[in-house]
Structure formats: structure tokens, C-alpha cells
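Quick note: numbers below take in every heavy atom, side chains included, and nothing from hydrogens, waters or symmetry partners. Just so we're clear, the structure is a prediction, and the values are computed from it rather than from any experiment.
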Amino acid sequence: RKLVNSKYRFYFTLDSLPVLMRSKEMNFAVRGFPIGFSAPPSVTKLPTDELFLFNHLKFTISYSEGQDFEGIRITGFDVHPVSFA
């Protein structure tokens, strides 16, 4: 509870690139992702906030295959955290 309320975040790296959480609709990206979130009573219909932990992560790894080098280069590392009951 304390970590969710304190907006604690995880930070991963892949091939020295930080993981980003992106929003294409709002045109922004932030490093890392939150451990979970708090849903207010107006959403849950409970008397107090309910806490949810992100228990699944969907990763997107972008890469390019160059003609001037052998192999591939990782160019992006994105995460979409989700919570399943």
C-alpha cells in the first residue's frame, strides 16, 4: 500500500536502453512504470480506495537491421503494465 501510494516505479534496462511507458494519445513517454495504482471509490463502488498491482507486463522491443553492420541494433524498449484479477 505504501509503495503504490508513494508512486514507486520500476526501472528496467535492455542493452543499456531504459524501459519507457508511452502514451500515443497524449504524446508522451516516461522512464520506468509504476508498481500499481489506486482506484477511487467512485470507480470501485467501495467505501475506500482499492489498490491494484500490475501483475503482467507487455514488452515491445524495436530494432533495426543495418546494412553498414552485421546483426541487429535494439532501438527501443517499451512496456505496457496491466493488472489481471
Side-chain angles (χ1 to χ4, degrees):
R1 180 173 295 278
K2 183 179 177 182
L3 295 176
V4 172
N5 289 334
S6 298
K7 309 287 190 244
Y8 187 83
R9 300 181 70 79
F10 286 114
Y11 296 96
F12 292 176
T13 59
L14 176 68
D15 201 24
S16 299
L17 289 174
V19 69
L20 296 177
M21 192 173 71
R22 296 181 190 267
S23 172
K24 291 181 183 176
E25 294 83 24
M26 297 199 222
N27 194 27
F28 80 93
V30 293
R31 288 182 71 176
F33 59 94
I35 190 172
F37 64 97
S38 176
S42 62
V43 173
T44 63
K45 308 297 185 223
L46 297 173
T48 61
D49 289 356
E50 187 169 10
L51 299 178
F52 294 89
L53 296 179
F54 290 121
N55 54 12
H56 287 76
L57 303 172
K58 297 178 182 180
F59 293 105
T60 302
I61 300 170
S62 306
Y63 64 92
S64 65
E65 296 183 55
Q67 297 168 347
D68 57 339
F69 61 90
E70 191 174 320
I72 62 169
R73 287 191 179 150
I74 297 174
T75 58
F77 180 36
D78 296 349
V79 66
H80 178 74
V82 292
S83 183
F84 294 111

Could you list the donor-acceptor pairs under 3.5 angstrom formed by side chains in residues 47-57, with sequence neighbours left out?
{"residue": "D49", "atom": "OD2", "partner": "S38", "partner atom": "OG", "Å": "3.3"}
{"residue": "N55", "atom": "OD1", "partner": "F84", "partner atom": "N", "Å": "2.9"}
{"residue": "N55", "atom": "ND2", "partner": "F84", "partner atom": "O", "Å": "2.7"}

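- Around atom CZ of F59, more than 12 heavy atoms belonging to other residues, nucleotides or ligands sit under 6.0 Å away.
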field: side-chain contact (heavy atoms from CB on, under 4.5 Å) assessment of H80 paired with V82
entry: CA-CA 7 Å; H80 178 74; V82 292; 3.4 Å; yes
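- When all heavy atoms of F77 and T13 are compared, the pair lying nearest together is CE2-C, 3.9 Å.
- Listed by chain and residue number, nothing satisfies the side chain to side chain donor-acceptor pair (under 3.5 Å) test with R9 (two or more places apart in sequence, or in another chain).
- The distance from atom OH of Y63 to atom OG1 of T75, rounded to the nearest 0.5 Å, is 10.0 Å.
- The side-chain heavy atoms of F10 and I35, taken from C-beta on, include a pair separated by under 4.5 Å.
- Contact between A29 and R22 at its shortest, heavy atoms only, is CB-CG, 3.8 Å.
- Residues S64 and F69 approach most closely at O-CZ, 4.0 Å, considering heavy atoms.
- Rounded to the nearest 0.5 angstrom, F37 CZ and K7 NZ are separated by 11.5 Å.
- Of the possible polar contacts, one joining the K45 side chain to the S42 backbone as a donor-acceptor pair under 3.5 Å is found.
- By the rule that hydrophobic residues join a cluster once side-chain heavy atoms approach within less than 4.5 Å of another member, M26 and V30 end up as members of one cluster.
- Contact of the L20 side chain with the R31 side chain is registered, since non-hydrogen atoms from C-beta on lie closer than 4.5 Å.
- Here the closest non-hydrogen pair linking I61 and I74 is CG2-CG2, 4.0 Å.
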